[in-house]
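Notes for the one structure printed next.
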Amino acid sequence: MALDFVIFPVLIWLCYAIRKFDLGTEVVPNLAFGTLWVSFLAVLALSLCGVYRFIVRTFNEAFIVKLAMATVFTVMGLYAMAYFTPAFIPTSIPMMFGFMMFAWIWFSRGIIRAIVKSHLQSDIPRKRVAIYGAGNAGQQVAATLYRSDEHFPVFFIDDDISLSGQMIGGLKVYHPSHALNLLAKQKIDEILIALPSVNRIRKSEIVKFLEPAHLKITEIPGLTKLVDGEIRISDIQEIDIIDLLGRDPVPPIPELLAKNIQNKVVMVTGAGGSIGSELCRQIIKNQPKKLVIYELTEFALYSIDKELHLNTAIEIVPILGTVLDQAKLERIIEQYQVQTIYHAAAYKHVPLVECNPLAGLKNNAVGTAFSLNAAVKKGVETFVLISTDKAVRPTNVMGASKRMAELYCQAMAEAQNQTQVSIVRFGNVLGSSGSVVPLFKQQIAKGGPITVTHPDVTRYFMTIPEASQLVIQAGALGKGGDVFLLDMGEPVRIQDLARQMISLSGLTVRESGTQNGDIEIQYAGLRPGEKLYEELLIDQEDTEITQHSRILRSFEKHHSLDELLPIFDRLNNLTAIQEDVDWALQHLEQYVDGYQRGKEIKVN
């Protein structure tokens, strides 16, 4: 204010001097202290319009609007002064003063801003950033980075040829084909993808295109976080490999999602696990009457119960218990009048189950049998078993135990018509507790090495939300004893996954036998019971397409309930002695197609 009050008399003198080409001309004649009145008028207009409330080093478009308003009011005030007072103010003077006033405020604040930013950032090295995407989001990002103490935007990269070579917000736009060569020349430290609405396939293509630069690649959040029109530095995040591997999900069919859930009492076993917890989240969105969450691990149950209570007013009933307690399952189902059960409880870590075969068999196979027995006995309408691709021609106890669970469900579905039983089989889910993605992230953070079992090992991947939605929809398609297969897309080579995660971190792979690169990939050999390739089908022929484009129905070989009941009774009573383990594995070889006992199995 003080600075402006001192400068404005100089500006009004300059207006008169330019008009008359006379530096000694009288300023605001016929009005005592005329220059001070003009200065007071201009400062008052700036103050009333809120110009002085802006923090100088962060002013933006709103500042320009306020300044323009203050300038207009000042010009109008000068014309009013000329009309209502004896002051001699020629018609051209207010317009000249308005122009100079606007220019002075803009120029002086720019100088102050530059001095302040230079002082604050003198000792702070700023990351040089190239922004991929010159649209509205990219421009918001650039403006935010300009105000940042840690980042400095250098140029835009955009696929639109018409923008190539143009200047947007003070930054030049380059086509990707030209920009790749500039990254090293311009000493870029990071590439930020500012395309919040781009689909996963396109994002993956962009990342693969940028990989040769060996720079860290980050992104801004999705459109939902841009509603307020302001992006913060804290919103910039690393690209999640899950976004690149996962496909764009097919929109769910609403009636299938709601069929077994809406206004019904739903129960989820294994509710604290990766799939179980996401099932709970999806179920809550479809408005059940009540949700019973059944879990063996106390902390897992506490975590999902707390999360669900924060996000819904629907009644959540947390039950701590094991699926091997059929009596308790029956009591819970009867007490809360459960209508739909999603059975996700299982041991799923292949090497651990291989070392503990009886525990795995009891929990996965017998636990499923007890859960289904309780459901049928108490009149549950729908029972859905969450199975795995490892149940197809398994080479490990975990997969064989899940196939035994499937066989029991198929047999029970055939033996009764009270409960509709369905089986949903799919591959790995990204980000789950058993996924390689969290493990690789930890190994990269420690500087490596990344451990991969085999150079050619491949797996199917799907995001947890997509898998959970498809499980719910598949359960609604069931007619009884159905085996549903989720379309997992194309299998991913784990070695390629590791390399892409290293690249996204801005690091390079250190190839074996050299010292060049940052992170080494080591091959540890296949673990006990592990396969190179997973399958979803036992018989490729007997399948049909369902109402949903990513859900297939399979018709597979099964056994009668009378044949399986003695096997499951004996499994439940086995103890950890060699004879029992031998008996269990012998029967797995008999009933599970493709299974052969591994050499590493122990009696634990």
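Position 1 is the first residue of the sequence; numbering continues from there. Note that the structure is predicted; figures quoted are calculated from it, not measured.
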Please list, one pair per line, the donor and acceptor atoms closer than 3.5 Å that link side chains of residues 304-317 to other protein atoms, with sequence neighbours excluded.
from: Asp305; atom 1: OD1; to: His309; atom 2: ND1; distance (Å): 2.9
from: Glu307; atom 1: OE1; to: Arg281; atom 2: NH2; distance (Å): 3.2
from: Glu307; atom 1: OE2; to: Arg281; atom 2: NE; distance (Å): 2.5
from: His309; atom 1: ND1; to: Asp305; atom 2: O; distance (Å): 2.9
from: Asn311; atom 1: ND2; to: Glu307; atom 2: O; distance (Å): 3.0
from: Thr312; atom 1: OG1; to: Ile314; atom 2: N; distance (Å): 3.1

Measuring only between side-chain heavy atoms, which start at C-beta, is Leu291 closer than 4.5 Å to Cys280?
yes
Contact list for residues 361-417, test ring-ring contact (aromatic ring centres under 6.0 Å, His included), sequence neighbours left out
His343-Phe383, Tyr408-Phe568
Got a sec, which residues hit side-chain hydrogen bond (donor to acceptor under 3.5 Å, both in side chains) with Ser387, two or more places apart in sequence or on another chain?
Glu406
Verdict with supporting geometry, Arg331 and Glu334, salt bridge (Lys or Arg N to Asp or Glu O under 4.0 Å)
CA-CA 5 Å; Arg331 178 172 58 79; Glu334 184 175 31; over 6 Å; no
Where does the angle between the aromatic ring planes of Tyr302 and Phe299 fall among parallel (under 30°), tilted (30 to 60°) and perpendicular (over 60°)?
tilted
Look up atom CD1 in Ile261 and atom CG in Leu256, then write down how far apart they are to the nearest 0.5 Å.
10.5 Å
One should read off an interatomic distance between Lys362 NZ and Thr322 OG1, to the nearest 0.5 angstrom, of 11.0 Å
Considering all heavy atoms of both residues, which atom of Gln339 and which atom of Lys264 are nearest to each other, and what is their separation?
OE1-CA, 3.2 Å
Given Thr340, which of Val380, Ile283, Thr382, Val268 fulfils the side chain to side chain contact (heavy atoms under 4.5 Å, CB included) condition?
Thr382
Within the 4.5 Å heavy-atom criterion, are Met404 and Tyr591 side-chain neighbours or not?
yes
Specify the closest pair of heavy atoms between Ala413 and Val421, including all atoms of both residues, with the distance to one decimal.
CB-CB, 3.9 Å
Hey, mind stepping through Val424 and Leu385 against side-chain contact (heavy atoms from CB on, under 4.5 Å) and telling me if it holds?
CA-CA 6 Å; Val424 185; Leu385 167 67; over 6 Å; no
d(Ile472 CD1, Glu278 CD) to nearest 0.5 Å is 8.5 Å
Over 12 non-hydrogen atoms of neighbours within 6.0 angstrom of CD in Glu563:
yes
So does Tyr523 have more than 12 non-hydrogen atoms from other groups sitting under 6.0 Å from OH?
yes
Rounded to the nearest 0.5 Å, what separation is found between the CD atom of Gln420 and the NZ atom of Lys479?
10.0 Å
More than 12 heavy atoms of other groups within 6.0 Å of Lys377 NZ
no
Before giving the answer on side chain to side chain donor-acceptor pair (under 3.5 Å), spell out for Asp582 and Gln586 the whole-Å C-alpha distance, their side-chain angles and the decisive distance to 0.1 Å.
CA-CA 6 Å; Asp582 290 339; Gln586 179 188 341; over 6 Å; no
With Asp496 as reference, evaluate Arg493, Gln500, Arg499 under the side-chain hydrogen bond (donor to acceptor under 3.5 Å, both in side chains) test and give the passing residue.
Arg493
In Å and rounded to the nearest 0.5 Å, what is the CD to CD1 distance from Glu219 to Ile193?
6.5 Å
Scan residues 313-337 for pairs that pass ring-ring contact (aromatic ring centres under 6.0 Å, His included), counting only residues two or more places apart or in two chains.
none
Flag if over 12 foreign heavy atoms under 6.0 Å of CD, Glu579
no
Is the count of non-hydrogen atoms from other residues, nucleotides or ligands lying under 6.0 Å from Gln522 atom CD greater than 12?
yes
Minimum side-chain heavy-atom gap Cys409-Thr368 below 4.5 Å:
yes
Sorted by chain and number, sequence neighbours left out, side-chain hydrogen bond (donor to acceptor under 3.5 Å, both in side chains) with Ser560 holds for none
Mind checking what makes side-chain hydrogen bond (donor to acceptor under 3.5 Å, both in side chains) contact with Glu520, not counting sequence neighbours?
none
Using a 4.5 Å cut-off on heavy atoms from C-beta on, say whether the side chain of Val452 contacts that of Phe440.
yes
Can you name the closest pair of heavy atoms from Gly475 and Ser422 and give their distance?
O-OG, 4.0 Å
Measuring from atom OG1 of Thr269 to atom CD of Glu295, what distance do you get when rounded to the nearest 0.5 angstrom?
9.0 Å
Can a side-chain donor-acceptor contact be found between Glu330 and Gln326 if the only test is distance below 3.5 angstrom?
yes
Would you please test Arg403 and Asp593 for salt bridge (Lys or Arg N to Asp or Glu O under 4.0 Å) and show each step?
CA-CA 9 Å; Arg403 179 57 187 150; Asp593 290 342; 5.9 Å; no
Can you name the closest pair of heavy atoms from Leu361 and Ala584 and give their distance?
CD1-CB, 3.8 Å
Smallest separation among heavy atoms of Ser274 and Lys348, with atom names:
OG-NZ, 3.7 Å
Can Leu195 and Ile206 be said to form a side-chain contact (heavy atoms from CB on, under 4.5 Å), step by step?
CA-CA 11 Å; Leu195 300 169; Ile206 291 171; 3.5 Å; yes
